[in-house]
Each structure stands twice: as structure tokens, then as C-alpha cells.
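Hydrogens, waters and symmetry mates are skipped; everything else that's a heavy atom, side chains included, is used.
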Amino acid sequence: MLTSSSSVPPELLSNSSSSKEDFSSALTKNLVAMMVWLVLSAINGSLVHTFLRHSLFYENPRYILFVTMVINDALQLSLVTALYVVSYVFRRIHASICCVLVMTAVLTTRSTPLILAGMALERYISICFPLHYSYVCTVPRTLLLIGVIFMLTAAPPITDLLITVAHRPPSFFHTEIFCDHPLLFGHRSIYYKNCVFDGVYLSFVALTLLYTYCQIMLAARAASSGLASVRRARNTVLLHGVQLLLCMLAFVVPSLQAALISLFPCLSLEIRYIFFLLVYIIPRFMSPIIYGFRDELFRNYWTRNLSCQGQGTVKIRPVLVKVNQ
């Protein structure tokens with residue numbers, strides 16, 4: 001099951017859906033996937049609940065972007081897990097249903113790097129231009145940025161659909177297929193279009209993050225009176241870098257996965273499962289770690305909510321948080 005917008009050449013898909021495995025192995029893999037989904041959904045749900053419960057987070061662009069990332073990750077995780085389980089249980093589903101699922105999964109996958117870039121810009125302005133922060137980073141502008149991000153990331157799957165509609169007969173969307181992005185949107189022009197778009201898109205995001213993080217590191221080092229704050233800034237930058245690299249795997253892995261499956265068709269299901277965990281599951285742990293656990297203000301509210309659920313509104317004295325955390 002591939003949900004990245006980077007399609008793979010059709011000739012690499014000959015063995016993509018033909019393998020079978022025994023019931024116990026399939027059951028174990030699907031149970032693990034569902035358990036991970038439940039754990040991450042519970043964590044993400046508690047993070048969103050904490051955000052919604054305390055109005056001070058509504059006025060901070062940093063936490064608005066954070067909760068957008070959490071909701072986007074939760075939706076993406078739910079979709080790719082559903083597609084993974086469906087590929088085992090039903091094998092083939094209605095093409096129109098597959099189209100909706102895949103397009104939404106592609107949109108959420110593409111949104112993550114851009115949201116990361118937005119969060120990096122917010123931190124860059126906060127640390128390097130603190131006097132201009134309240135003017136530049138406002139709630140309306142943050143909401144506008146989020147809207148632009150989702151408009152940009154919706155464009156590629158919509159064009160994939162339009163190209164497919166132009167080259168496929170209407171009856172195709174009433175057939176049953178193995179739900180896979182390259183099998184659903186298999187025209188060669190879609191493959192080349194997405195290769196060009198992904199190259200430009202990811203290069204822009206990577207350069208934005210590299211520039212902002214370098215500036216943040218320089219500002220943090222210059223303003224720091226001790227090594228502890230420098231280490232915190234360095235660790236945050238490192239975690240962001242790892243998160244971005246893991247997110248970028250979703251754009252690189254589909255072609256590699258299809259090539260490996262063509263070379264080792266007997267191991268196709270194992271290859272799919274490994275890439276499913278590496279690309280779509282592990283990166284979803286990063287946002288709660290970076291912002292839910294390491295952010296002192298949000299962590300205090302979050303842990304208090306977890307310990308006092310159902311006991312009425314909780315009032316907590318706000319905590320001052322250093323900008324280079």
C-alpha cells in the first residue's frame with residue numbers, strides 16, 4: 001500500500017499485489033498496526049483536548065501550528081492504517097472509495113513538511129526578531145498560513161484525479177482495485193509531474209528549515225549565558241531535522257519499495273510492512289515528543305489534564321518558557 005504522491009513507474013508494480021501470506025502472520029501484523037494506531041490516537045487526542053480546554057493556547061501561533069500538526073498526523077495515521085488493514089481484509093475495494101482515501105492520505109502526507117517549515121519560521125521570528133513577533137505572528141496570519149498550506153498540498157492530488165479522469169473511462173471508477181496510489185493514478189504524466197513537484201517542493205522546505213535553524217542556533221548561542229540553553233536549542237534542532245527526514249521518506253520510499261518488491265517478490269509483504277512502520281508510523285511519534293513532552297508550558301497543562309480528567313476545570317499558574325527550548 002503506497003500513499004505517497006510520488007508515484008512509481010507502472011512497470012515496477014507487476015508484483016505489487018500478488019503475494020499472499022498465512023493467516024497468523026497477517027493477523028499479527030494487523031494487530032500491531034491497530035495497537036500502534038490506538039496508542040498514538042490516544043496521545044494525540046489528549047494533546048488536542050488539552051489545547052481546546054485552555055484558551056491561552058488559542059492566542060499563541062506556536063500552539064495553533066502544533067495542534068494543526070497533531071490533527072494532521074492523526075488523520076494521516078488513521079488513513080494509512082485503514083488502507084493497510086483494508087489491503088489485507090478486502091484486497092480490492094471500489095475505485096471511487098480508494099480515490100477519496102488515497103487523495104486525503106496524500107494531502108496529509110504533503111502537509112507535514114510545510115507545517116514544519118511554518119513552525120520553524122515562527123521560532124525564527126520569535127528568537128531573531130522578538131520585537132516584531134507580536135506584529136508578524138498573529139492568530140489571523142497563522143490561520144491564513146494554515147489555509148495556504150492545505151490549498152497548496154491539495155493541488156497535486158486534485159491534478160492526479162483530473163489527469164486520471166481525462167485518460168480513464170468513467171467505468172474505471174466503478175471497478176474494484178487493489179488500493180494503491182500508483183495503481184489508481186497510473187498514468188506516466190502523473191509520475192513525471194510528481195517527480196518534478198516533489199523535487200521543487202522538498203528542496204524549498206529543506207532550504208527554509210536549514211536557513212531558519214542555522215539562524216536560531218546562532219541567535220541561541222549568542223544570547224546564551226550558559227551551555228544548558230545551547231544544548232536545548234541544539235537538541236530541538238536535531239529532533240526537527242530527524243522529523244523532517246522521516247517525513248521526506250514518504251516521498252522517496254515508494255519507488256525504492258516498488259524496486260525491492262520487483263527484485264524480491266517473495267518478500268513483498270514483509271517489505272511493505274517494514275516501510276509502513278518506518279515511513280508512516282515512527283514519524284508520528286515525533287510531534288508529541290518535541291512539543292507535547294519537551295514544551296514546559298504545554299507539558300504542565302497536559303499532565304495536569306491527564307491526572308485530573310473529569311474533575312472540572314483546572315487552573316494552572318502559567319510557566320515562563322525560554323524561547324530557545
* To do: State the OH-CG distance between Tyr273 and Asn30, to the nearest 0.5 angstrom.
  => 8.0 Å

* To do: Name all residues meeting the side-chain contact (heavy atoms from CB on, under 4.5 Å) criterion together with Ile158; count only those two or more places apart in sequence or in a different chain, and write none if there are none.
  => Met103, Ala154, Leu162

* Roughly how far, to the nearest 0.5 Å, is the CD1 atom of Ile271 from the SG atom of Cys266? -> 8.0 Å

* Structure fact -> Phe172 meets the ring pair (Phe, Tyr, Trp, His ring centres under 6.0 Å) criterion, sequence neighbours left out, with none

* Give a yes or no on this: more than 12 heavy atoms of other residues, nucleotides or ligands lie within 6.0 Å of atom OH of Tyr58. => yes

* Leu207 with Leu114, same ILVMFWY side-chain cluster at under 4.5 Å -> no

* To do: Could you tell me which residues satisfy side-chain contact (heavy atoms from CB on, under 4.5 Å) with Val48, sequence neighbours excluded, listed by chain and number?
  => Leu52, Val67, Val70, Ile71

* How long is the gap from CD1 on Ile177 to CG on Leu184, to the nearest 0.5 Å? -> 4.5 Å

* Would you call Val106 and Arg110 a side-chain contact if the rule is heavy atoms closer than 4.5 Å? -> yes

* Asked: With sequence neighbours left out, what residues match Leu121 under side-chain contact (heavy atoms from CB on, under 4.5 Å)?
  -> Thr208, Thr212

* Parallel, tilted or perpendicular: which describes the rings of Phe298 and Tyr63, with under 30° parallel and over 60° perpendicular? -> parallel

* Check: Ser203 side chain, Val200 main-chain N or O, donor-acceptor pair, under 3.5 Å -> no

* Asked: Which residues pass the ring pair (Phe, Tyr, Trp, His ring centres under 6.0 Å) test with His167, sequence neighbours left out?
  -> His187

* Residues two or more places apart in sequence or in another chain: which of them pass side-chain hydrogen bond (donor to acceptor under 3.5 Å, both in side chains) with Ser41? -> Trp37

* **Qualifying residues under ring pair (Phe, Tyr, Trp, His ring centres under 6.0 Å), relative to Phe173, sequence neighbours excluded** => none

* **Leu210 with Phe204, same ILVMFWY side-chain cluster at under 4.5 Å** => no

* Would you confirm whether the ring centroid of Phe57 sits within less than 6.0 angstrom of the ring centroid of Tyr301? => yes

* Structure fact -> Applied to residues 61-125, the disulfide bond (SG atoms under 2.5 Å apart) test, sequence neighbours excluded, yields Cys98-Cys179

* What residue among Thr104, Thr81, Thr109, Leu107 forms side chain to side chain contact (heavy atoms under 4.5 Å, CB included) with Gln76? -> Thr109

* Asked: Can you check whether Glu122 reaches Leu145 side chain to side chain, under 4.5 Å on heavy atoms?
  -> no

* Asked: Do Tyr124 and Phe129 have ring centres separated by under 6.0 Å?
  -> yes

* To do: Taking side-chain contact (heavy atoms from CB on, under 4.5 Å) as the test, write out the residues that go with Val36, two or more places apart.
  => Val32, Leu40, Ile281, Phe285

* To do: Hey, could you give me each pair passing side-chain hydrogen bond (donor to acceptor under 3.5 Å, both in side chains) that has a residue in residues 142-159? Not counting sequence neighbours.
  => Ser111-Thr153, Thr159-Lys193

* To do: Test Met69 against every option in Leu47, Ile64, Asn44, Ile115 by the side chain to side chain contact (heavy atoms under 4.5 Å, CB included) rule and name the one that passes.
  => Ile115

* **Contacts of type ring pair (Phe, Tyr, Trp, His ring centres under 6.0 Å), residue Tyr133, not counting sequence neighbours** => none

* **Residues forming a side-chain hydrogen bond (donor to acceptor under 3.5 Å, both in side chains) with His132, sequence neighbours excluded** => none

* Structure fact -> When every non-hydrogen atom of Pro61 is compared with those of Cys137, the smallest separation belongs to CG-O, 3.4 Å

* Asked: Under 3.5 Å, is there a donor-acceptor pair between the side chain of Thr164 and the main chain of Asp160?
  -> yes

* Asked: Out of curiosity, does Leu65 fall in the hydrophobic cluster containing Tyr135 (side-chain heavy atoms, cut-off under 4.5 Å, transitive links)?
  -> yes

* Check Val102 against Phe185 and note the closest heavy-atom contact, atom names and distance. => CG1-CE1, 4.3 Å

